[in-house]
Amino acid sequence: MPRHIYDEDHEALRSSALEFVERTLRPRAEQMIEAKSIDREVWREAGKQGFFGFDIPEEYGGAGVGDYRFNAVLTEVWAGFNAAVSSCFGIHADVCPPYIVDLGTEQQKQRWLPGIATGELVIAIGMTEPSGGSDLAALKTTAVRDGDAWVLNGSKTFITNGFQADLVIVAARTDASRGAKGITLFVVERGMEGFANGRKLDKVGMPESDTAELFFDNVRVPDENRLGPEGLGFISMMQRLPQERVGSAVNNVAHAKSVLLETIEYAKERKAFGQPIGAFQYNKFLLAELVTKIEVTEAYVDDCVIAHSKGELSAVDAAKAKWWSAQVQNDVLDACLQLHGGYGYMNEYRVARAWKDARVTKIWAGSNEIMKELIGRDLGL
Ligand SMILES: Cc1cc2nc3c(=O)[nH]c(=O)nc-3n(C[C@H](O)[C@H](O)[C@H](O)COP(=O)(O)OP(=O)(O)OC[C@H]3O[C@@H](n4cnc5c(N)ncnc54)[C@H](O)[C@@H]3O)c2cc1C
């Protein structure tokens with residue numbers, strides 16, 4: 001099926017992102033795994049190429065185009081190379097900037113956005129805590145007002161870019177009696193006394209992304225680092241999660257699609273019983289199903305991207321795109337691994353790594369169960 005989502009400007013961006021993959025990312029693929037993070041030089045190089053600025057207005061160093069399809073086409077390229085890079089760049093360029101652009105004061109925008117656009121300042125967002133991520137309204141990190149500052153105590157976990165982050169958007173409870181209405185957002189900066197990035201967590205997949213715990217021990221955060229009005233943190237996150245979820249959906253489809261295309265080639269070449277394994281009817285039908293699943297899912301996700309570009313994507317439709325694409329991605333990659341036989345279980349094969357990398361997409365940014373809860377609520381049952 002031809003896609004109708006991108007025009008020549010988006011395709012030009014895809015070409016330059018693909019060049020960046022070959023020139024800058026692929027030669028460092030193994031080094032990123034060993035370091036469990038993306039090199040600072042890579043962040044700066046990506047910034048120089050303008051890959052981080054599509055949600056940032058021009059006056060703060062971005063491209064300010066206001067067309068989400070540019071974010072989506074980049075996500076497709078990063079996911080086609082490596083899911084961890086897609087995740088780290090996605091949090092930095094796609095998830096976090098809208099918080100500062102929409103909620104930040106003039107002074108905050110001038111201070112942080114140019115550095116995010118150039119990749120000099122790596123940013124993360126800390127919502128999830130050791131006590132739970134699904135029930136965001138129950139978060140326990142506290143921020144208590146003290147003169148012209150807030151004193152933060154608590155911890156966050158599983159934070160993407162958390163280890164090397166220079167800035168972290170942190171959700172904290174500022175009013176214990178008001179539930180979801182008692183949560184406020186703050187920007188915590190590297191070097192603030194009492195703020196510690198814990199170890200890089202040892203994950204099942206995506207070793208290249210630095211996922212960390214964050215600790216706040218009486219961190220004095222000036223009121224000028226409060227992001228948005230007091231008590232509106234929860235609603236601010238709910239308003240921006242659909243963008244994170246549609247971005248996840250784009251990632252899920254592109255990631256699985258790239259491995260599926262490689263698998264089709266493998267099935268043409270690998271022989272058993274004197275014929276290519278793809279020629280057995282069982283495998284031919286299986287591959288036909290996988291291609292269908294990917295293309296049909298891609299069409300829905302494309303529609304979500306277009307709707308989001310027009311500011312029309314509902315939180316419920318974003319939830320549908322996110323859980324469904326995560327399920328399809330995992331089903332497709334499991335079948336691709338099977339088609340590779342024993343080689344599929346070897347880390348040197350991309351399919352093996354992709355299969356491990358994909359498992360998290362049913363969990364993060366709102367688990368599949370939470371997505372179904374949101375969709376179910378909307379049915380008025
Ligand atoms: C690699 C990685 C990167 C991440 N990056 C970030 C990040 O950058 N920032 C950030 O803030 N968080 C991040 N997360 C956290 C992620 O968003 C949470 O793990 C996720 O929201 C689930 O929260 P939890 O792990 O506390 O599980 P829990 O909330 O404890 O849930 C456990 C299980 O119970 C299920 N469950 C919970 N409530 C319900 C319900 N009402 N109905 C049915 N089932 C339910 C869940 O679906 C899940 O299966 C990341 C996680 C991982 C693994």
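Any value given below was found using the heavy atoms of this structure, including those in side chains, with hydrogens, waters and symmetry copies removed. As the structure lists them, so they are numbered: ligands from 1, and atoms in each ligand from 1. Please read these numbers as outputs of a predicted model, since none were measured by experiment.
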Taking atom 9 (N) of ligand 1 as the reference point, the nearest protein heavy atom with its distance: I125 O, 2.9 Å
Ring centroid separation F51 to W43 under 6.0 Å: no
Proximal ligand 1 atoms for A365, defined as those under 4.0 Å from one of its heavy atoms: 17 (O)
Atoms in ligand 1 flagged as close to M127, the criterion being non-hydrogen separation under 4.0 Å: 10 (C), 11 (O)
Steps toward salt bridge (Lys or Arg N to Asp or Glu O under 4.0 Å) verdict (D166, R40): CA-CA 12 Å; D166 301 291; R40 281 290 177 149; 2.9 Å; yes
Donor-acceptor contact below 3.5 Å, side chain T297 vs main chain K293: yes
For G132, atoms of ligand 1 separated by under 4.0 Å from a heavy atom: 26 (O)
Under 3.5 Å: donor-acceptor pair, side chain of K268, backbone of T263: no
Ligand-side contact atoms (ligand 1) for residue partner G133, heavy atom cut-off under 4.0 Å: 21 (O), 23 (O), 24 (P), 26 (O), 29 (O)
Same apolar cluster: L167 and I91, side chain cutoff 4.5 Å: yes
Which segment of K203 sits under 4.0 Å of ligand 1 when only heavy atoms are counted: side chain
Region of T160 engaging ligand 1 - heavy atom pairs below 4.0 Å: both
Taking atom 2 (C) of ligand 1 as the reference point, the nearest protein heavy atom with its distance: W364 CE3, 3.7 Å
Face-on cation placement of K372 at W323 ring, 6.0 Å and 45° thresholds: yes
Atom 33 (C) of ligand 1: any protein heavy atom closer than 4.0 Å: no
Proximal candidate to atom 31 (O) of ligand 1 [heavy atom criterion; set S134, G90, C88]: S134
Proximity of I370 to ligand 1 by residue part, where a heavy atom lies under 4.0 Å: side chain
Close-contact set for ligand 1 against V360 heavy atoms, below 4.0 Å: 1 (C), 52 (C), 53 (C)
Under-4.0 Å heavy-atom contact between protein and atom 42 (N) of ligand 1: no
Contacting atoms of ligand 1, where contact means under 4.0 angstrom from a heavy atom of I159: 7 (C), 8 (O), 9 (N), 10 (C), 11 (O)
Side chain, backbone, both or neither: the part of S367 lying under 4.0 Å from ligand 1 by heavy atom: side chain
Row check, Y99 ring normal vs R240 NZ/CZ: under 6.0 Å, within 45°: yes
Atom 20 (C) of ligand 1 touched by protein (heavy atom, under 4.0 Å): yes
N/O donor-acceptor pair under 3.5 Å between N225 side chain and F186 backbone: no
Spacing of I363 atom CD1 and T128 atom OG1 [to the nearest 0.5 Å]: 11.5 Å
Expected output: side-chain D146 to main-chain A149 donor-acceptor under 3.5 Å: no
Gap separating the OG1 atom of T75 from the CZ atom of R69, nearest 0.5 angstrom: 14.5 Å
Heavy-atom nearest neighbour in the protein, as seen from atom 50 (C) of ligand 1, with distance rounded to 0.1 Å: F158 O, 3.1 Å
Atoms of ligand 1, numbered as shown, that sit under 4.0 Å from any heavy atom of E369: 43 (C), 44 (N), 46 (C), 47 (O), 49 (O)
Heavy-atom nearest neighbour in the protein, as seen from atom 15 (C) of ligand 1, with distance rounded to 0.1 Å: T128 OG1, 3.1 Å
Rounded distance (nearest 0.5 Å) linking atom CE of M237 with atom CG of L136: 4.0 Å
